Number of protein chains: 2
Amino acid sequence: MKTINSRSDCPIGYTLDIFGDRWTMLIIRDLLLYGKDSFSEFLCSDEKIATNILTDRLNMLLRDGFVTKHTAPTNKSRFLYRPTEKAIELIPVLMEITLWAEKYNPAGAPADIVEPLKKNRTKALRDLKKKVEERLKAE
Amino acid sequence: MKTINSRSDCPIGYTLDIFGDRWTMLIIRDLLLYGKDSFSEFLCSDEKIATNILTDRLNMLLRDGFVTKHTAPTNKSRFLYRPTEKAIELIPVLMEITLWAEKYNPAGAPADIVEPLKKNRTKALRDLKKKVEERLKAE
DNA sequence: TAAAGTTATTGCAAATTGCAATAACTATTT
DNA sequence: AAATAGTTATTGCAATTTGCAATAACTTTA
């Protein structure tokens, strides 16, 4: 599994030790913004992550407390991954990335996320967080 | 040089195509937060980037419009790298990462950056941006 | 002119990624 | 009950990237 060797005390360095690869943050995105919660859902994202990388990164996220793992009530061979508080608190990071990217790659910004953010950042962040938490409670 | 194959239209995916590695964002950090602007300064950061990787990433950042490159007025064999607007606008992303990391890795958060941010986010961001722009004007 | 400083390149071993095949397991269908 | 389909995880291997050391090309300093 991808291991973390802390390279420095810097908060940016710390975060890059975890998310400094092409895949890990995409799983967090899928968990928080697209409501995905299973292996097969992560697998079919546009970026086409390979199964071995997905397995590796899910284990890493589990080990480091970003997700918890549960068997689905409907199907024992299906696992559900749920974001922890540690992951949910990455929403503001994801949103600032989205706002930045919207300026330099306007093609891909989803308006339903960007517009509320531009209008009232605090409210948009609060609403997004609430939405994720409601989804978690519903299970 | 590290090339970018766009994997999706998603803003998070777009940003990861650029910054989804262990080094690129550290150079942006050094440029914006620590006022570094030369090869040798980037080289001596805590994370100890290798010269070949540094060369590669500086060329990538140059090609993609995150930095401009100038010969130093005092020394023709020394090059100075200056952040463009595209890079400067990453300050909010860096700051949200810093705030998140401060919660889960409190050891390394530099108080002189975190405290103003917590107190008044908008002002702290404005001040940081102004500081970078003043530094650029001074040359 | 020699020494030191700055940026960049090269070579190579080690690690990681990308891709395909397939295994282990459960659920569904016949 | 047997076959089929669905879900998650593992393995093998080629290709790519990284980490590290040596060194080259150049400019400035002594």
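Since the structure is predicted, the reported quantities are computational estimates derived from the model, not experimental observations. Side chains included, hydrogens not; waters and symmetry mates left out as well; all remaining heavy atoms used. Letters A, B, ... are given to chains in the order of the sequence lines, protein chains preceding strands, and every chain is numbered from 1.
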Problem set entry | Ion pair check, Asp37(A) and Arg82(A), cut-off under 4.0 Å | no
Problem set entry | side-chain contact (heavy atoms from CB on, under 4.5 Å) assessment of Phe79(A) paired with His70(A) | CA-CA 5 Å; Phe79(A) 296 104; His70(A) 316 264; over 6 Å; no
Problem set entry | Heavy-atom pair of closest approach, residues Cys10(B) and Tyr34(A) | SG-OH, 3.9 Å
For this session: Measure centre to centre between the rings of Phe19(B) and Phe19(A), then say whether the value is under 6.0 Å.
Result: no
Exercise. Of the nucleotides dT7(D), dA9(D), dT27(D), which has the atom closest to the Ser77(B) side chain?
Worked result: dT27(D)
For this session: For Leu43(A) and for Asn75(B), locate the closest nucleotide of DNA chain D by heavy-atom distance; then report the residue assigned to the nucleotide nearer the 5' terminus.
Result: Leu43(A)
Problem set entry | Whether Tyr81(A) and Phe42(A) hold their rings parallel, tilted or perpendicular, with breakpoints at 30° and 60° | tilted
Exercise. Can you check the His70(B) NE2 to dT7(C) P distance for me, whole Å?
Worked result: 14 Å
Exercise. Is Lys76(A) near enough to dA24(C) that one of its side-chain N or O atoms lies under 4.0 angstrom from OP1 or OP2?
Worked result: no
Exercise. Separation of Asp17(B) atom CG from dG18(C) atom P, in whole Å?
Worked result: 11 Å
Exercise. Hey, does Thr74(B) reach any base, or is it just sugar-phosphate, or nothing, if we go heavy atoms under 4.0 Å?
Worked result: nothing
For this session: Whole angstrom is fine here: how far is it from NZ in Lys36(B) over to C1' in dT6(C)?
Result: 16 Å
Exercise. Is it the case that more than 12 heavy atoms not belonging to Lys119(A) sit under 6.0 Å from its NZ atom?
Worked result: no
Exercise. Whole-Å distance between dA27(C) C1' and Arg78(A) CZ?
Worked result: 12 Å
For this session: Look at all strands and tell whether Ser40(B) reaches a base, only sugar-phosphate, or nothing, counting heavy atoms closer than 4.0 Å.
Result: sugar-phosphate
Exercise. To the nearest Å, how far apart are Leu58(B) CG and dT9(C) P?
Worked result: 11 Å
For this session: Report the nucleotide, chosen from dA9(D), dT7(C), dT27(D), that has the shortest atom-to-atom distance to any side-chain atom of Phe39(A).
Result: dA9(D)
Exercise. Between dT8(D), dT26(C), dT7(C), which nucleotide has the shortest distance from any of its atoms to the side chain of Tyr81(A)?
Worked result: dT8(D)
For this session: Assign a letter to each nucleotide of nucleotides 18-24 of chain D from its 5' end: B, base within under 4.0 Å of a protein heavy atom; S, sugar-phosphate only; -, no contact.
Result: SBB-B--
For this session: Determine the contact category for Phe42(A): base if any of its heavy atoms lies under 4.0 Å from a base atom, sugar-phosphate if only primed atoms, P, OP1 or OP2 are that close, otherwise nothing.
Result: nothing
Problem set entry | Any donor-acceptor N or O pair under 3.5 Å, side chains Arg78(B), Thr71(B) | no
For this session: Rounded to the nearest angstrom, tell me the gap between atom CZ in Phe79(B) and atom P in dT9(C).
Result: 11 Å
For this session: Could you tell me the separation between the CG atom of Asn59(A) and the P atom of dT8(D), rounded to a whole number of Å?
Result: 13 Å
